[in-house]
Amino acid sequence: MRTLKYWQAINEATVQCMEADPNIFVAGIGVDDFKGIFGTTRGALERFGRERVHDIPNCENAFAGVTIGAAAMGKRPLVVHPRNDFMFLATDMLFNLAAKWRYMFGNKGGVPVVTRAIVGRGWGQGATHSQSTHATFAHFPGLYVATPASPADAKGLLVSALTGSTPVIILENRALYELEGEVPEAAEPIPFGKGRIVRAGTDVTIVGASLMAYEAARAADILADQGISAEVIDPRSIRPLDEEIILESVRKTGHLVVADTSWATYGFSAEVAAVVAEKALGSLRAPVRRVTIPDCPAPVSKPLEDAFHPSPASIARACLDVLRSDVAIGREVADVQAAFYGPY
Amino acid sequence: MRTLKYWQAINEATVQCMEADPNIFVAGIGVDDFKGIFGTTRGALERFGRERVHDIPNCENAFAGVTIGAAAMGKRPLVVHPRNDFMFLATDMLFNLAAKWRYMFGNKGGVPVVTRAIVGRGWGQGATHSQSTHATFAHFPGLYVATPASPADAKGLLVSALTGSTPVIILENRALYELEGEVPEAAEPIPFGKGRIVRAGTDVTIVGASLMAYEAARAADILADQGISAEVIDPRSIRPLDEEIILESVRKTGHLVVADTSWATYGFSAEVAAVVAEKALGSLRAPVRRVTIPDCPAPVSKPLEDAFHPSPASIARACLDVLRSDVAIGREVADVQAAFYGPY
Amino acid sequence: MTTTERPHTAIADGALPPASAALELVRAMMRIRTVEETLADLYKEQEMRTPTHFSIGQEAVAVGVSGALRPTDVAYSGHRCHAHYLAKGGDLRGMVAELYGRETGCARGRGGSVHLNAPEVGFIAASAILGETMAAAAGSAWSFAMDRSPRIAVSYFGDGVVEEGIFHETLNFAVVKQVPLLLICENNLYSTHTPLEVRQPSGTTIWERVRSYQLPSVIVDGNDVFAVLAAAEEGAAWCREGKGPYFIECSTYRWREHVGPNWDYDAGYRTKAEVDSWIAKDPVKRAQAAVVAAGYCGDEQIITWSAELQQEIAEAVAYAKASPFPSVETLLDGTY
Amino acid sequence: MTTTERPHTAIADGALPPASAALELVRAMMRIRTVEETLADLYKEQEMRTPTHFSIGQEAVAVGVSGALRPTDVAYSGHRCHAHYLAKGGDLRGMVAELYGRETGCARGRGGSVHLNAPEVGFIAASAILGETMAAAAGSAWSFAMDRSPRIAVSYFGDGVVEEGIFHETLNFAVVKQVPLLLICENNLYSTHTPLEVRQPSGTTIWERVRSYQLPSVIVDGNDVFAVLAAAEEGAAWCREGKGPYFIECSTYRWREHVGPNWDYDAGYRTKAEVDSWIAKDPVKRAQAAVVAAGYCGDEQIITWSAELQQEIAEAVAYAKASPFPSVETLLDGTY
Ligand SMILES: Cc1ncc(C[n+]2csc(CCOP(=O)(O)OP(=O)(O)O)c2C)c(N)n1
Ligand SMILES: Cc1ncc(C[n+]2csc(CCOP(=O)(O)OP(=O)(O)O)c2C)c(N)n1
Ligand SMILES: [Mg+2]
Ligand SMILES: [Mg+2]
């Protein structure tokens with residue numbers, strides 16, 4: 001199969017979906033400029049022009065509402081935020097209106113607004129530009145939250161979002177944008193709520209969404225050097241969450257490490273741990289371990305930033321801990337962002 | 001000790017703190033009207049007048065910023081939201097500015113803005129007026145989130161908030177407002193991060209914040225009738241969370257039920273389960289159980305609303321399940337809101 | 001684009017529409033008044049368990065605006081939405097059943113008084129968070145513009161929404177994108193219990209300030225249904241011609257308490273004299289008097305309607321009370 | 001309260017302040033220019049790992065406004081904050097060290113270029129989310145009003161912030177509460193790469209629209225430091241007298257790319273002719289020429305300053321590079 005980069009997969013899915021459905025339009029700050037949101041909206045602009053790719057004023061709150069009202073008329077808006085941190089300004093619309101629309105108006109129809117938002121990573125983007133808001137959004141029934149970790153998933157989940165009937169938030173980690181992988185040519189949907197086994201293993205289960213699925217796979221490489229077989233699970237969407245794939249893995253390995261790009265407390269890692277404590281407790285042969293960013297805002301300074309983010313090494317170390325193994329990890333692996341210097 | 005109602009305790013704490021610190025002021029939509037936020041701001045208005053009790057225009061986002069800027073000058077704003085759902089409009093200010101201020105500006109000082117917000121409950125307040133946003137706020141380091149469940153805690157936690165150096169969000173469940181209890185006369189702070197044992201027990205631990213601490217105690221009553229001894233833990237603040245008091249209880253009882261006013265997924269109940277799965281796994285003699293609102297927005301219709309909220313009976317049933325007990329619960333207990341008909 | 005100015009239009013001006021249209025407006029207002037007064041009385045039985053914001057005293061706005069709309073046009077409202085829902089053609093029984101929390105309610109008992117909707121007649125949504133639906137209405141209008149359709153979207157909101165950021169963002173967006181959005185501000189002088197003067201800059205008015213966004217903005221006597229209709233027709237035509245949004249401020253007044261069925265003469269935030277002065281400007285009575293004076297009908301017609309409407313609401317209440325509550329098994333239905 | 005109008009003021013008007021004041025302004029602008037051009041050059045070494053928005057071309061605004069401020073006044077800014085920080089008296093070494101991510105940075109390497117602060121000289125905070133600090137500045141101003149203090153708060157923001165809801169909410173609040181807030185809009189015609197015309201209503205300008213909020217609102221040539229100073233002095237006096245907020249729109253232009261150290265002539269969102277026309281209006285050169293023409297100093301003074309400033313920035317860079325990085329043990333410090 002031919003390969004694409006993560007951003008190219010998004011670009012391609014957007015164009016293909018827009019070809020198939022004239023109701024889809026792309027909108028957001030700067031979607032039509034020469035950078036084209038790191039290339040992801042460039043194809044749509046070239047193919048469909050500004051009739052269907054709309055730059056907008058700076059108005060996150062109203063614009064979320066605007067897309068809801070357009071969706072209520074049958075349009076299929078695809079909103080893009082260059083940083084997901086800006087979406088806090090739109091939480092009222094997403095939580096109080098989009099998520100609740102179908103239910104509180106009597107199940108007559110939904111407003112399937114699709115919002116893509118990029119999680120900043122690298123080059124000291126700092127406290128207000130590198131949060132991962134996935135758990136915050138995923139707490140609310142009525143929304144779906146997808147966290148594609150591969151080019152194929154970036155395409156397939158976007159296709160599902162643009163053809164489904166539910167508001168979806170797709171969070172894309174900036175650090176994944178240059179990742180290359182096999183991507184089907186056709187616009188095939190990947191369903192929400194269906195995780196994937198990134199790498200099969202038998203000793204310990206590592207669950208990681210978005211960038212952490214990638215870093216967990218690199219951790220599994222390190223562990224393999226030491227003869228330890230880690231199974232890496234990428235849930236692909238965190239709402240709905242594929243509990244079964246996680247539980248099945250834990251039932252097999254008896255050990256669970258959850259890696260996450262956001263804080264532990266009340267985050268994604270808490271939910272995964274809770275699901276296992278509820279539904280596979282008897283299989284756990286050791287306490288669960290969470291590997292996440294620590295309880296502070298994202299710092300800018302490079303040494304602090306490096307220490308702040310979970311790395312393949314810190315995930316691998318957590319696995320060794322959980323396995324009560326006294327092997328040391330054999331090698332450090334460069335930070336995913338080591339060579340990154342923009343555009344940010 | 002003399003007793004006060006929950007709202008009276010808040011009222012009293014506000015006046016006493018304002019007497020002690022001239023920098024404190026109260027502000028929010030309608031804080032100075034004849035209803036005085038269910039009486040909680042009335043004392044301050046009577047005592048200090050509109051010089052220190054400020055009605056404001058409808059502008060949740062800007063006003064959160066306004067209080068941050070006032071706090072940066074040494075003021076101690078106490079903001080009140082009649083419904084915590086309106087705070088989604090202020091999440092940018094709270095997450096991106098208040099919570100991060102001290103850290104991202106180099107640890108030179110914080111902005112100890114205190115926000116009181118009421119969680120709607122009863123009389124069909126519906127999807128947009130009865131959410132419990134505690135976990136959403138508690139995910140962010142830099143904030144404290146308190147969830148007082150008794151008149152004494154409502155007073156003591158507010159005193160801590162108004163004398164501390166950290167932005168605090170205090171969520172008050174409307175259903176607790178008429179609750180009466182002993183309250184010390186003096187303005188004694190109750191520290192954040194220190195839970196309380198609402199009721200000691202040996203068979204099963206029930207953790208519940210805010211209204212669920214109260215409902216859990218009523219569940220414990222039901223269980224006691226059947227000879228089952230439940231220990232009820234109220235964390236009082238959910239950030240910082242008193243993990244130790246929970247762990248100690250679970251180490252003793254070996255069984256955990258978490259009750260919550262918000263959704264299970266990525267909520268408070270997930271974090272409590274995760275903490276136990278990480279730190280007291282070996283003590284768990286049965287899977288953890290979460291008793292929460294189900295995965296839908298809050299409905300209005302009475303029978304649906306009754307089914308929607310966790311009740312003493314549903315908590316008690318979960319405990320029996322966890323204990324693999326086949327006793328049936330002996331009696332139903334009226335919904336906390338049975339007699340409620342406003343003001344809402 | 002120019003901004004136009006419209007003085008308060010009094011019925012004394014005699015600018016009545018033709019008889020059939022005028023009579024229809026009067027009856028529509030009477031219907032809303034009858035419905036709400038009946039519901040306010042019944043509310044005390046405590047069977048409508050949903051916080052309810054009555055529109056009593058403000059009926060002319062909804063009825064006048066709806067007179068200028070087509071069935072294919074859409075409307076959005078906020079917490080005080082009964083009149084807007086009914087005037088746009090929302091089913092009365094569905095509304096009453098909604099307040100009674102029944103499965104037959106327009107939102108199947110899930111939404112309550114503040115979340116009425118009737119998409120089948122273009123009343124798309126009402127929502128209880130200030131200003132939300134203003135943006136949604138702009139989005140619907142934008143979709144019409146994209147489709148080069150002659151449909152327009154109406155947004156009803158109160159003077160309290162004017163302070164919210166969304167008001168500004170929506171106006172700016174609507175003007176920049178030139179969407180067919182008819183903005184109807186019901187200025188009843190209060191946001192909950194706070195008067196306008198302490199919430200917005202003095203020395204100017206809402207409609208005047210709005211003109212700075214470069215769209216036509218006018219003020220009408222919101223207790224004069226014929227004046228509202230005339231303004232709305234002008235505004236709707238403007239929007240339909242693709243000239244962009246149009247703003248109408250309607251001066252009116254809420255008679256009852258902010259939320260709930262009661263009078264609140266003694267609450268202290270407004271004087272009895274003020275309330276009474278607005279009751280003296282009762283939009284329903286004024287319109288009735290005008291059509292009678294114009295010879296469009298006699299008093300007996302008013303009395304007949306009154307009886308018919310009492311009957312209609314009584315039947316709707318009976319229907320609602322006889323309707324089943326939603327079954328608990330369906331609790332989750334409609335989340336996705 | 002009245003609104004006042006101020007035409008673009010040209011240096012040709014000869015309205016120079018006295019020599020010492022004028023010279024100070026020129027030197028302050030030269031300092032900021034020298035600092036930023038040096039940092040832009042060094043940025044390519046990739047040691048400043050923080051997205052950086054240079055103010056090159058916009059120095060007259062910060063310097064002119066700061067000329068009207070007292071040390072006890074406070075200022076807030078957004079992502080493009082270097083000039084505001086330096087003009088208010090923020091420590092140069094602290095700023096450079098911050099960009100280099102060092103413990104000696106003004107935010108101890110935690111904040112980066114967009115979160116500069118120097119509370120010791122009244123530069124309270126800059127923040128990267130559009131409009132946030134506008135509201136915070138209003139809050140500081142409100143606290144001064146509560147204390148009946150003569151201090152004032154300044155909010156710097158770009159034309160892009162004008163579209164955000166917070167702009168509206170803050171203006172409304174500031175006027176209603178009559179707080180001493182000096183609002184400085186740096187209109188550089190673009191928000192990222194989007195020109196003003198497609199983001200805000202045409203047929204009017206920002207300062208004109210703002211007048212609808214009932215506060216004085218004026219426009220000045222933001223590339224004329226003396227004009228900015230004069231306007232800011234008027235505005236500051238207004239605020240200090242307790243008359244409420246005051247708004248100044250400053251027309252200016254960003255020379256380099258939106259974020260980063262490069263020129264972006266070929267990006268396509270603006271023409272080379274446009275950029276060059278603004279470079280021809282270089283605020284630094286214009287002010288230099290004016291003071292020389294006025295006989296306040298000779299060219300050699302400019303050359304001497306230039307050398308001094310090169311020296312100062314070189315030392316600050318050396319200081320920053322020699323400073324330690326924060327130790328990883330302190331990663332959590334300052335969260336609470
Ligand atoms: C964002 C938000 N803030 C506050 C409220 C509480 N609230 C409900 S109705 C209301 C008054 C609104 O006044 P106005 O818009 O003039 O409508 P009116 O009630 O006068 O019809 C307020 C403040 C809310 N629902 N949403
Ligand atoms: C709420 C929010 N939305 C979007 C952005 C992304 N953003 C950063 S700078 C910028 C342009 C702002 O333009 P302007 O205010 O005119 O300032 P300038 O860069 O021109 O100085 C944008 C859109 C942001 N930081 N915050
Ligand atoms: Mg009103
Ligand atoms: Mg700009």
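Residue numbering restarts at 1 for every chain, and letters A, B, ... go by the order of the sequence lines.
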Check: Out of curiosity, A/Lys302 NZ to D/Arg102 CZ, how far, rounded to the nearest 0.5 Å?
Finding: 12.5 Å
Item checked: Close side-chain approach of A/Tyr341 and D/Lys44, heavy atoms under 4.5 Å -> no
Item checked: From NE2 (A/His129) to NE2 (D/His79), nearest 0.5 Å -> 9.0 Å
Item checked: Nearest non-hydrogen partners of A/Tyr344 and D/Thr52, listed with the distance -> OH-N, 4.5 Å
Notebook entry, point to check: Considering all heavy atoms of both residues, which atom of A/Pro299 and which atom of D/Leu331 are nearest to each other, and what is their separation?
Noted result: CG-CD1, 3.8 Å
Margin query: Any heavy-atom pair between the side chains of D/Glu164 and A/Asn61 that's under 4.5 Å?
Written below: no
Notebook entry, point to check: Could you give the distance from OG (A/Ser301) to CD (D/Glu103), rounded to the nearest 0.5 Å?
Noted result: 8.5 Å
Item checked: Residue A/Ala298 versus chain D: region with a heavy atom under 4.5 Å -> backbone
Item checked: Point-to-point distance, once rounded to the nearest 0.5 Å, from CG of A/Asn58 to CG of D/Leu130 -> 5.5 Å
Notebook entry, point to check: Shortest non-hydrogen contact from D/Glu163 to A/Cys59?
Noted result: O-CB, 4.2 Å
Next item on the list: Among D/Ser327, D/Pro326, D/Gly112, single out the residue with the greatest number of heavy-atom pairs under 4.5 Å to chain A.
Entry: D/Pro326
Checklist line | chain D contact via A/Phe340 - side chain, backbone, both or neither, heavy atoms under 4.5 Å | finding: backbone
Item checked: Heavy-atom pair count under 4.5 Å with chain A, highest-scoring of D/Gly268, D/Gly105, D/Gly111 -> D/Gly111
Item checked: Heavy-atom neighbours of A/Glu51 CD exceed 12 at 6.0 Å -> no
Next item on the list: Quick one: closest heavy-atom pair of A/Trp123 and D/Pro51, and the distance?
Entry: O-CD, 3.2 Å
Next item on the list: Give, as side chain, backbone, both or neither, the part of A/Glu60 having an atom under 4.5 angstrom from any heavy atom of chain D.
Entry: both
Item checked: Spacing of CG belonging to A/Asp306 relative to CZ belonging to D/Phe325, to within rounding of 0.5 Å -> 10.0 Å
Next item on the list: Considering non-hydrogen atoms only, spot the tightest contact between D/Val328 and A/Leu304 and give its length.
Entry: CA-CD2, 4.1 Å
Next item on the list: Can you tell which part of D/Thr50 gets under 4.5 Å to a heavy atom of chain A, answering side chain, backbone, both or neither?
Entry: both
Checklist line | Atom pair CG (A/Asp55) and NE2 (D/His193), whose distance is rounded to the nearest 0.5 Å | finding: 11.0 Å
